[in-house]
Amino acid sequence: MKILKTIEELQNIRKTITSNVGFVPTMGALHDGHISLIKQARKDNDIVIVSIFVNPTQFLPGEDLDAYPRKEEADKKICELCKVDYLFMPKISTMYSKEEILIKAPNKSYILEGLSRPGHFDGVLQVVLKLFGITQPTNAYFGKKDAQQLSLISQMVKNLFLPINIVSCEIVRESDGLALSSRNIYLSSKQREEALLISRSLYSAGALIAKGEVDVKIIKNRILEIMRTLDVEYVAIVDRDFNEIKEIELKNTIILIVAKFGNTRLLDNIWL
Ligand code: AMP
């Protein structure tokens with residue numbers, strides 16, 4: 001595995017590659033969720049590129065940019081073990097210049113995550129577009145855990161006619177149901193225990209729907225009842241275009257939850 005820090009190094013290598021390239025963009029502190037994306041990329045492609053870059057433009061003032069977990073050495077080992085070909089770890093000054101062309105995410109980004117974190121998706125799309133420009137992947141891998149992000153990136157690729165196939169990957173969870181996240185390390189053991197109510201409420205909603213319940217109000221109430229002791233930021237039941245719905249439509253519904261534990265926001269969802 002080669003570790004690359006500059007755009008030039010990666011671009012020069014990219015020019016020599018004529019086979020399929022799989023790309024996995026991450027912010028590091030790699031866990032099994034990231035690893036599942038890398039493994040899928042390894043399976044599908046001749047060459048695998050992973051990037052680790054804590055992108056400042058997707059953090060709002062006062063968010064955890066400085067405190068975001070950084071585990072460079074462990075991450076390098078994980079990538080090596082996963083047989084990554086190129087690990088791209090640029091500095092902020094490598095990725096951004098003083099004056100930038102800005103990307104504006106569409107209106108749908110101003111619901112849910114976009115509403116809670118205005119401007120967040122502008123920064124996500126900006127960095128992903130830059131990374132796509134540098135790596136020119138055949139396939140790029142994203143987790144369903146960040147459902148709205150996945151949807152907006154797919155839209156960007158479509159709208160900007162980028163010749164890239166977006167591959168969506170299933171959510172990886174701990175054995176007790178907690179969705180893996182780099183931010184889970186912020187949780188105290190008590191908070192971690194409480195956080196299980198998120199996945200429990202999603203499973204319970206899934207079970208209710210499996211029994212034939214389609215009324216979104218009833219399902220939302222069940223979720224809120226299970227999470228009544230938590231600081232819930234939102235529960236949303238939407239179709240795959242992120243429109244609010246009144247009735248569940250199988251194969252076209254996502255239930256999304258964000259709950260806060262102190263300063264830590266945890267996000268989870270289920271695709272039905
Ligand atoms: P991040 O490092 O948080 O920016 O995440 C990088 C990629 O990993 C994104 O596409 C995420 O959706 C994906 N990811 C993060 N956590 C998980 C998880 N638990 N299961 C599957 N994919 C995940």
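The residues of the chain are indexed from 1 along the displayed sequence. Ligands are counted one by one from 1 in listed order, and the atoms in each one are counted from 1 as well.
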Quiz item: To the nearest 0.1 Å, how far is atom 12 (O) of ligand 1 from its closest protein heavy atom, and which atom is that?
Solution: D146 OD2, 2.6 Å
Quiz prompt | Those atoms of ligand 1 less than 4.0 Å from some heavy atom in T26 | solution = 2 (O), 6 (C)
Quiz prompt | Atom indices of ligand 1, in the order listed, that fall short of 4.0 Å to a heavy atom of L180 | solution = 16 (N), 17 (C), 18 (C), 19 (N)
Exercise. Output yes when R173 and D268 qualify as a salt bridge under the 4.0 Å nitrogen-oxygen rule, no when they do not.
Key: yes
Exercise. Kindly work out whether a path of hydrophobic side-chain contacts (I/L/V/M/F/W/Y, heavy atoms less than 4.5 Å apart) joins L4 to M27.
Key: no
Practice problem: Look at atom 20 (N) of ligand 1 and find which of L178, V124, V172 reaches it with the closest heavy atom. | Solution: V172
Quiz item: For ligand 1, which atoms, with element, lie under 4.0 Å from some heavy atom of F142?
Solution: 10 (O)
Quiz item: If Ile, Leu, Val, Met, Phe, Trp and Tyr residues are connected whenever their side-chain heavy atoms lie under 4.5 Å apart, and connections chain through other members, are L129 and F23 in the same group?
Solution: yes
Exercise. Considering the heavy atoms of L37, write down every atom of ligand 1 situated less than 4.0 Å from one of them.
Key: 7 (C), 8 (O), 10 (O), 13 (C), 22 (N)
Quiz item: In terms of atom number and element, which parts of ligand 1 are under 4.0 angstrom from non-hydrogen atoms of I171?
Solution: 20 (N), 21 (C)
Self-check item: Fellow cluster residues of V172, listed by chain then number, with links counted only when side-chain atoms sit under 4.5 Å apart
Solution: L180
Quiz item: When you measure from atom 3 (O) of ligand 1 to every protein heavy atom, which one gives the shortest distance, and what is it?
Solution: Y68 OH, 3.9 Å
Exercise. Looking only at protein heavy atoms, identify the closest one to atom 10 (O) of ligand 1 and say how far it is in Å.
Key: G143 N, 2.9 Å
Self-check item: Short side-chain to backbone donor-acceptor contact, D239 and T253, under 3.5 Å
Solution: no
Quiz item: Taking 4.0 angstrom as the limit, do D176 and R192 come out as a salt bridge?
Solution: yes
Quiz item: When you measure from atom 21 (C) of ligand 1 to each heavy atom in E174, E170, K144, H34, which option holds the nearest one?
Solution: E170
Quiz item: Do R183 and D64 meet the salt-bridge criterion of a basic N to acidic O distance under 4.0 Å?
Solution: yes
Quiz item: With a 4.0 Å cut-off on heavy atoms, does P25 reach ligand 1?
Solution: yes
Self-check item: Atom indices of ligand 1, in the order listed, that fall short of 4.0 Å to a heavy atom of M27
Solution: 1 (P), 2 (O), 4 (O)
Quiz prompt | Neighbour count above 12 (heavy atom, 6.0 Å) for K39 NZ | solution = no
Quiz prompt | Salt bridge K190-E194, side-chain N to carboxylate O under 4.0 Å | solution = yes
Quiz item: Heavy-atom contact under 4.0 Å between R173 and ligand 1?
Solution: no
Quiz item: Can you tell me which residue and heavy atom of the protein come closest to atom 15 (C) of ligand 1, and the distance to 0.1 Å?
Solution: H31 CE1, 3.9 Å
